[in-house]
Amino acid sequence: MDKLTIKTLAKELQISVSSVSKALRDSHEISAETKQRVLALADKLNYTPNPYASSLRKRKSKTIGVVIPEVVNSFFSQSINGIEYIAKEKGYHVLIYLTHEDLENEKAILKDFESGRVDGVLLSVSRQTTDCSHIQELIDKEVPVVFFDRVFNEINTVKVTTNDFESAYLATKHLITSGCKNPGFLSIVGNLNIISRRLEGYKKALQEYGIKFNDDNIINCTTDWENNYKLLLKKFKSAKRPDGILSSIENLSIIIYKACEDLKLKIPADLQIISFSNLDTASFLNPPLTTVTQPAYEIGQTAAATLVKSLEKKNFIIPNETVVIPSVLIPRRSTKNKTSNK
């Protein structure tokens, strides 16, 4: 027989590892019937808890792991500031881990957390993450996880995000009411639900204003910025080029400016631009960039406060809920809105 572990008991009883662990500790979260089943099987198989593993789980590192896909995006740098504010206030250290948009990196990082390196995790998933088993496995090891920005709805925990659908709808509406007849959507290849919601918001605005949705106006970029630049040049040279662009990714907006400069397209006369962006320099671009500015700092604060509460309060169970903090559309001169003089 393989080495007898808590996983063995969980598999035999067809319940989660977390439930078995809580039953063995006589947790109030587990029913008397389940506790009886767990204890009976443990007695039958002569299961003896690993005292080292038990002490490791109980030891507090006073450290929070923050897992993000990148730091180039100003959204994440501002989110980290919000996270660190709460962590410092509550006496926690923060460790930042980058997945570089790679699922295997994400899996390896979360696997490492099972050792007790951190007390809890704040996670924004990679573009490649389509399966949540590695996340659930960490939670089953009693390491709490709270999502922020990029979330996985199948996991029962708090998810702190913004109103991506509504924001994209309002941004597209802004382009249309500013004179755009053929607005495009700048996307990025991957499985991000935030991009999907933004695309749906874009489509809703087109439908509302009687503009036929065209797949050709969805420009799918990658993390290869040189290739993205060439893709935009080709699109903007075409006879059916868009007269407005909603960029769903902050970093792509700068490439739009470069492509327009090289093609001698005038912003906003020839092409209006709105981008999801938290760039402090947005107002210094020429012309200043109209942005959908996300509440990055507040999202980080809210996610961290929830996680710390779960670590500090003995009987606190993280609810399965989504906390939505609205973004703000800030018109500037990259669109033709006459009320904007920023």
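- The pair K111-E137 meets the salt-bridge criterion, with a side-chain N (NZ, NE, NH1 or NH2) lying under 4.0 Å from an Asp/Glu carboxylate O.
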Audit row: N163, I325, side chain to side chain contact (heavy atoms under 4.5 Å, CB included) steps and yes/no: CA-CA 7 Å; N163 57 338; I325 306 176; over 6 Å; no
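- The ring-ring contact (aromatic ring centres under 6.0 Å, His included) analysis of residues 158-201, with sequence neighbours excluded, yields the pairs F185-Y202.
- Pairs engaging residues 316-331 under the side-chain hydrogen bond (donor to acceptor under 3.5 Å, both in side chains) rule: N156-N320, K159-N320, T162-S327 [sequence neighbours left out].
- Electrostatic pairing of D112 and R117 counts as a salt bridge here, judged by a charged N lying under 4.0 Å from a carboxylate O.
- Screening residues 79-106 for ring-ring contact (aromatic ring centres under 6.0 Å, His included) gives Y97-F113 as the qualifying pairs, with residues at least two apart or on separate chains.
- D119 and S61 share a donor-acceptor pair across their side chains, judged by distance under 3.5 Å alone.
- There is no side-chain donor-acceptor pair under 3.5 Å between T99 and E106.
- Between E200 and K204, none of the side-chain N atoms (NZ, or NE/NH1/NH2) sits under 4.0 Å from a carboxylate O, so this pair counts as no salt bridge.
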Full working for side chain to side chain contact (heavy atoms under 4.5 Å, CB included) between V17 and V20: CA-CA 5 Å; V17 171; V20 172; 5.8 Å; no
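- The two residues L307 and V121 make their nearest non-hydrogen contact at CD2-N, 3.6 Å.
- Clustering ILVMFWY residues whenever any of their side-chain heavy atoms sit less than 4.5 angstrom apart, transitively, puts I256 in the very cluster that holds I195.
- Contact of the K235 side chain with the P242 side chain is registered, since non-hydrogen atoms from C-beta on lie closer than 4.5 Å.
- A side-chain donor-acceptor contact under 3.5 Å links T172 to the backbone of A168.
- A salt bridge is defined here as a Lys NZ or Arg NE, NH1 or NH2 lying under 4.0 Å from an Asp or Glu carboxylate O, and R150 with E101 meets this definition.
- Under the side-chain hydrogen bond (donor to acceptor under 3.5 Å, both in side chains) criterion, the residue pairs touching residues 33-44 are D26-K35, S31-T34, with sequence neighbours excluded.
- The ring-ring contact (aromatic ring centres under 6.0 Å, His included) pairs that include a residue from residues 291-323 number zero, where partners must be two or more places apart or lie in different chains.
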Test salt bridge (Lys or Arg N to Asp or Glu O under 4.0 Å) applied to K62 and E312, step by step: CA-CA 10 Å; K62 296 296 286 185; E312 298 288 308; 3.5 Å; yes
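- Residue pairs satisfying the ring-ring contact (aromatic ring centres under 6.0 Å, His included) criterion with at least one member in residues 217-241, sequence neighbours excluded, are absent.
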Criterion side-chain hydrogen bond (donor to acceptor under 3.5 Å, both in side chains) on S334 and Q272, from CA distance to verdict: CA-CA 6 Å; S334 68; Q272 300 192 55; over 6 Å; no
